[in-house]
> 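The following block contains the structure, expressed as structure tokens.
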Amino acid sequence: MVNHYFQNILTFRDKRLFSFISFLPPDSPPYLCPAFQKHFNKMTKPRILIAGAAGFIGSHLCDRFLAEGYQVIAMDNLLTGDLANIEHLFKEKDFEYYHHDVTKFVHVPGKLDYILNFASPASPIDYLLMPIQTLKVGALGTHNLLGLAKEKKARILVASTSEVYGDPLMHPQTEEYWGNVNPVGPRGVYDEAKRFLEAITMAYHNYHQVETRIIRIFNTYGPRMRLNDGRVLPAFFGQAIRGEGLTVFGDGLQTRSFCYVDDLVEGIYRLLLSDYHLPMNVGNPSEITMMQFAHEILDLVQNPKAFIDYRPLPVDDPKQRRPDITKARTILGWEPKYDRKEGLRITYEYFKVKVQNAG
Ligand code: NAD
Ligand code: UDP
């Protein structure tokens, strides 16, 4: 908020300065002087770096921050992302794309007010296939972005996950719960990378006074998810639309709580602009078993050929997961607006086209 206040003052002073240089009356609005318009924007609009911008959540964040009047620098190495998610933004004057791997030194010329660290493989299939990249982006990538935040005096928000709770023994999960993680199991590469991300972020906050925010995201879904990323929702939609078996792992009694992406983006936006630096859960507390979830998708898609197909439960698959969102409710005034019926209806329209295009 303070930032915006100073930016307003700057606008007024810059206007006077530039109108003087360009021999215009001091109260001329900047649009009378198009040559300086770009320069005004650079000096006055908040500038945000979004790492992981070509991914599912990152691309929605680009849309949101551009709509809020920010200059957006999108950074990605396309490890699991897709330029198609942000293709529509390349024509925007306040949008820039840097192809870069954040595990390497990150350089961004000019001022930066905010950084969002959303770079990381996120689906179990992705991080099982790319365990070292997952560990490196959580550790080295986060370290580089924190260093950049320190250098630029920018506020940084990092994407953590409900996976830091592992296979939780406390239910629902509050932020005070320390978790039950197997560091050497197959999911350990993701869970421990994110636990390190939280630890180093707190260290930069405490020792370098960097302004940090940590969000613990619970299962999120919506348009721009990859059809074959292995997560349960794209898997079930793809299978139901094609008339195949819905691969329910184990007995299907394990639970998850699914949040629609627009709700998550609102939570991220509010947390970034808040004063709260400790980890915060953001997710939809409506909990469902994977068996019930498969039936919801079957009911929605109505393909008579689709059926339930039981498969073995993956190692260390958490049995239950549901966020306690008391903090988000009380501190951010946030809560999810989309129920699963509405979110799934929108997402179904997206996956119908995806499956069609995949042939
Ligand atoms: P995603 O795979 O769609 O997006 C991740 C993006 O990061 C991709 O575009 C990928 O190319 C990019 N990336 C990976 N490594 C990189 C590197 N070294 N340098 C630059 N870019 C890199 O996944 P998502 O679902 O959008 O998840 C985004 C973030 O949110 C991740 O940090 C993830 O851990 C976190 N998160 C997501 C969920 C969820 O339900 N989607 C839940 C909890 C946490
Ligand atoms: N799952 C399933 N069938 C699938 C994919 C996943 O039953 O084809 C289950 C998985 O075992 C887990 C839940 O769905 O219990 C959510 O899995 P996902 O990979 O989406 O995310 P997670 O919460 O495990 O990271």
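Atoms within each ligand, like the ligands themselves, are counted from 1 in listed order. Because the structure is predicted, anything quoted here is derived from the model rather than measured.
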> Could you tell me which non-hydrogen atom of Val189 sits nearest to which non-hydrogen atom of Leu135, and how far apart they are?
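Shortest heavy-atom separation between Val189 and Leu135 comes out as O-CD2, 3.4 Å.
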> Who are the residue neighbours of ligand 1 when the rule is a heavy atom under 4.0 Å from any of its atoms?
Gly52, Ala54, Gly55, Phe56, Ile57, Asp76, Asn77, Leu78, Leu79, Thr80, Gly81, His100, Asp101, Val102, Thr103, Phe118, Ala119, Ser120, Ala122, Val137, Ala159, Ser160, Thr161, Tyr190, Lys194, Ile217, Asn219, Thr220, Arg231
> Hey, can you tell me if Tyr204 and His143 have their rings parallel, tilted or perpendicular (30° and 60° cut-offs)?
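If you compare the ring of Tyr204 with that of His143, the planes turn out perpendicular.
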> Evaluate side-chain contact (heavy atoms from CB on, under 4.5 Å) for Val282 paired with Ile268, printing each intermediate quantity in order.
CA-CA 8 Å; Val282 174; Ile268 293 166; over 6 Å; no
> Between the side chains of Glu342 and Tyr260, does any donor sit under 3.5 Å from an acceptor?
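No, no side-chain donor-acceptor contact under 3.5 Å.
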> Between Asn284 and Ser286, is any side-chain donor less than 3.5 angstrom from a side-chain acceptor?
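Their side chains do not contain a donor-acceptor pair, so the 3.5 Å distance test is not met.
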> Check each of Glu163, Met280, Glu198 against Arg216 using the side chain to side chain contact (heavy atoms under 4.5 Å, CB included) test, and report the only one that passes.
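Exactly one option meets the side chain to side chain contact (heavy atoms under 4.5 Å, CB included) with Arg216, and it is Glu198.
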> For the backbone of Met225 and the side chain of Tyr350, can you confirm whether one donor and one acceptor N or O come within less than 3.5 Å of each other?
yes
> List the steps and the verdict of ring-ring contact (aromatic ring centres under 6.0 Å, His included) for Phe56 and Tyr221.
CA-CA 9 Å; Phe56 159 50; Tyr221 69 97; 8.4 Å; no
> Which class fits the ring pair Phe95 and Phe90: parallel under 30°, tilted 30 to 60°, perpendicular over 60°?
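Perpendicular: the ring planes of Phe95 and Phe90 meet at over 60°.
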> What residues come within 4.0 Å of ligand 2, counting heavy atoms only?
Pro124, Glu163, Arg187, Asn219, Gly230, Arg231, Val232, Ala235, Phe236, Thr247, Val248, Phe249, Gln254, Arg256, Met290, Pro314, Asp317, Arg321
